[in-house]
There are 2 protein chains.
Amino acid sequence: MKVTELAKEFGTTPDTVRYYTRLKLLNPTKSENGYKYYPPTEISRLKFILSARQLGFSVSDIQHIVDEASLGKAACPLVRSLIKERLAETEKQFQAMLALRKNMKDALAQWEVKEDKAPTSTMVCHLIDSFEPTENNGGSHE
Amino acid sequence: MKVTELAKEFGTTPDTVRYYTRLKLLNPTKSENGYKYYPPTEISRLKFILSARQLGFSVSDIQHIVDEASLGKAACPLVRSLIKERLAETEKQFQAMLALRKNMKDALAQWEVKEDKAPTSTMVCHLIDSFEPTENNGGSHE
DNA sequence: GCTTGACCTGTGTCTAACACACAGGTCTAA
DNA sequence: TTAGACCTGTGTGTTAGACACAGGTCAAGC
């Protein structure tokens, strides 16, 4: 399979396939015309990489997992360990995003009823300066 | 105020202050010893920048807002417009993260009851290969 | 006065996962 | 032949900082 064929097969981009090839996560052979040719092993390897990416493993994680497997070892313990780390990170980001999203919504609501004000030498934008997060207690804000 | 003093005042890092200075978002004067000195206007400017960052405006957004204000115009319409864009993006990311988080949790649960398996020529890790997102219908998975 | 640790400077590079750019080559239908 | 789609290898850009480096300044302590 050629680059674009492979990318289409899995709903990703040729650049992504080339990127993984560049990282040596994929190892195509070469056609007579110099084009990269991905045999079945590389096709299933890409499937694996994309699944892992979708599960939140970093490219570096995946490289690590693949290296482990190339030694003939079961990568399962490593995979379980890594997913826990990635999940913990995702949880942190999720909480941060929850807070951010709420603040943005609050700001939007507050700013809709505030008037415009011209800037001064010490004030760029009074909307941003005056923003106050609303309290969470018993509110129906969300 | 010097770099580190200013950073401490607002709970950020000296590198962040230097970064914004580098971008010309902050414009310190120079002390006799060559150190950057941030007068009150720049102190309130940093406060503004950090508030805007916390509300999800990009550094580029903030530059745009500051440029508008420097023309003497009220940046309020721009700020309202930008927050809507950033909120829409954040909402998309939030949904993606919801899905990712759920998949990661599902995977973790599934993989805890699966046995380890050695890799083969076409299989790096059966855990990742065999992952199936659970259905949402009436489940108590979350 | 010297030493040492903390802080300073300007400038450059790195991070992560791609996306894009470029100069030039190949393929194929019209 | 032409034109559009695709290919190559290599390099750079994206975002918001964090880090690195060589060298300078400050001030407390000895």
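Chain letters run A, B, ... following the sequence lines, proteins first and then strands; every chain starts at 1.
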*Asks:* Between the side chain of B:Ser51 and the main-chain N/O of B:Lys47, is any donor-acceptor distance below 3.5 Å?
*Replies:*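 Flag set: sc B:Ser51 to bb B:Lys47 pair under 3.5 Å.
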*Asks:* Is a side-chain N or O of A:Lys117 found less than 3.5 angstrom from the main chain of A:Leu127, in a donor-acceptor match?
*Replies:*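 Checking the backbone N and O of A:Leu127 against the side chain of A:Lys117, no donor-acceptor pair under 3.5 Å is found.
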*Asks:* Determine which pairs satisfy salt bridge (charged side-chain N to carboxylate O under 4.0 Å, His left out) with at least one residue from residues 55-73 of chain B, sequence neighbours left out, and list them in order.
*Replies:*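 The answer is B:Asp61-B:Arg86, B:Glu68-B:Lys73.
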*Asks:* Is there a donor-acceptor contact under 3.5 Å linking the side chains of A:Gln93 and A:Glu89?
*Replies:*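 On atom types as modelled, these side chains do not qualify, holding no pair under 3.5 Å.
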*Asks:* Enumerate the residue pairs fulfilling salt bridge (charged side-chain N to carboxylate O under 4.0 Å, His left out) with a member in residues 31-44 of chain A, sequence neighbours excluded, ordered by first and then second residue.
*Replies:*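 Residue pairs passing salt bridge (charged side-chain N to carboxylate O under 4.0 Å, His left out), neighbours aside: none found.
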*Asks:* Take atom CZ of B:Arg18 and atom P of C:dG12, then tell me their distance rounded to the nearest Å.
*Replies:*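 Whole-Å distance recorded here is 17 Å.
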*Asks:* Restricting to nitrogen or oxygen on both sides, can you table the protein-nucleotides 13-16 of chain C pairs closer than 3.5 Å?
*Replies:*
none

*Asks:* Starting from the 5' end of DNA chain C, give me the residue, A:Lys2 or B:Lys8, whose nearest nucleotide shows up first.
*Replies:*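 It is B:Lys8 whose nearest nucleotide is closer to the 5' end.
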*Asks:* Distance check, rounded to the nearest 0.5 Å: B:Glu112 atom CD versus A:Ile83 atom CD1?
*Replies:*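 Separation between the atoms: 11.0 Å.
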*Asks:* Is it true that a side-chain atom of B:Thr29 and a backbone atom of B:Tyr37 form a donor plus acceptor pair closer than 3.5 Å?
*Replies:*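 At least one qualifying donor-acceptor pair exists.
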*Asks:* Five pairs per end, C1' atoms only: what is the angle between the end axes of the helix from C:dG1-D:dC30 to C:dA30-D:dT1, to 10 degrees?
*Replies:*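 Roughly 10° between the end axes, to the nearest 10°.
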*Asks:* What are the two closest heavy atoms between B:Glu5 and B:Lys2, and how far apart are they?
*Replies:*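 For B:Glu5 and B:Lys2, the tightest heavy-atom pair comes out as OE1-N, 2.9 Å.
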*Asks:* Is there a donor-acceptor contact under 3.5 Å from the side chain of B:His126 to the main chain of A:Cys76?
*Replies:*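 Checking the backbone N and O of A:Cys76 against the side chain of B:His126, no donor-acceptor pair under 3.5 Å is found.
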*Asks:* Does A:Ile62 share a hydrophobic cluster with A:Tyr19, counting links as ILVMFWY side-chain heavy atoms below 4.5 Å and allowing steps through other members?
*Replies:*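 Same cluster.
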*Asks:* So does B:Thr4 get a side-chain nitrogen or oxygen closer than 4.0 Å to the phosphate oxygens (OP1/OP2) of C:dA6?
*Replies:*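 Negative; the distance criterion is not met.
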*Asks:* C:dC18, OP1 or OP2 - any side-chain N/O from A:Thr13 closer than 4.0 Å?
*Replies:*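 Answer is no, no contact under 4.0 Å.
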*Asks:* Under a 4.0 Å heavy-atom cut-off, which of residues 30-50 of chain B touch DNA chain D?
*Replies:*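 DNA chain D contact set from residues 30-50 of chain B: B:Asn33, B:Tyr35.
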*Asks:* Pair B:Arg80, A:Asp116 - check side-chain contact (heavy atoms from CB on, under 4.5 Å), show working.
*Replies:* CA-CA 10 Å; B:Arg80 286 196 192 90; A:Asp116 293 0; 2.8 Å; yes
*Asks:* Between B:Tyr38 and B:Thr21, do the side chains contain a donor N or O and an acceptor N or O under 3.5 Å apart?
*Replies:*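 The answer is yes; a qualifying pair exists.
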*Asks:* Check every nucleotide of DNA chain D for an atom under 4.0 Å from a heavy-atom of chain A, then give the first and the last such nucleotide from 5' to 3'.
*Replies:*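 The footprint of chain A covers D:dC6 to D:dG11.
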*Asks:* Judged by atom type as modelled, is there a donor-acceptor pair below 3.5 Å linking the side chain of A:Gln110 to the main-chain atoms of A:Glu132?
*Replies:*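 Judged by distance alone, yes, a pair lies under 3.5 Å.
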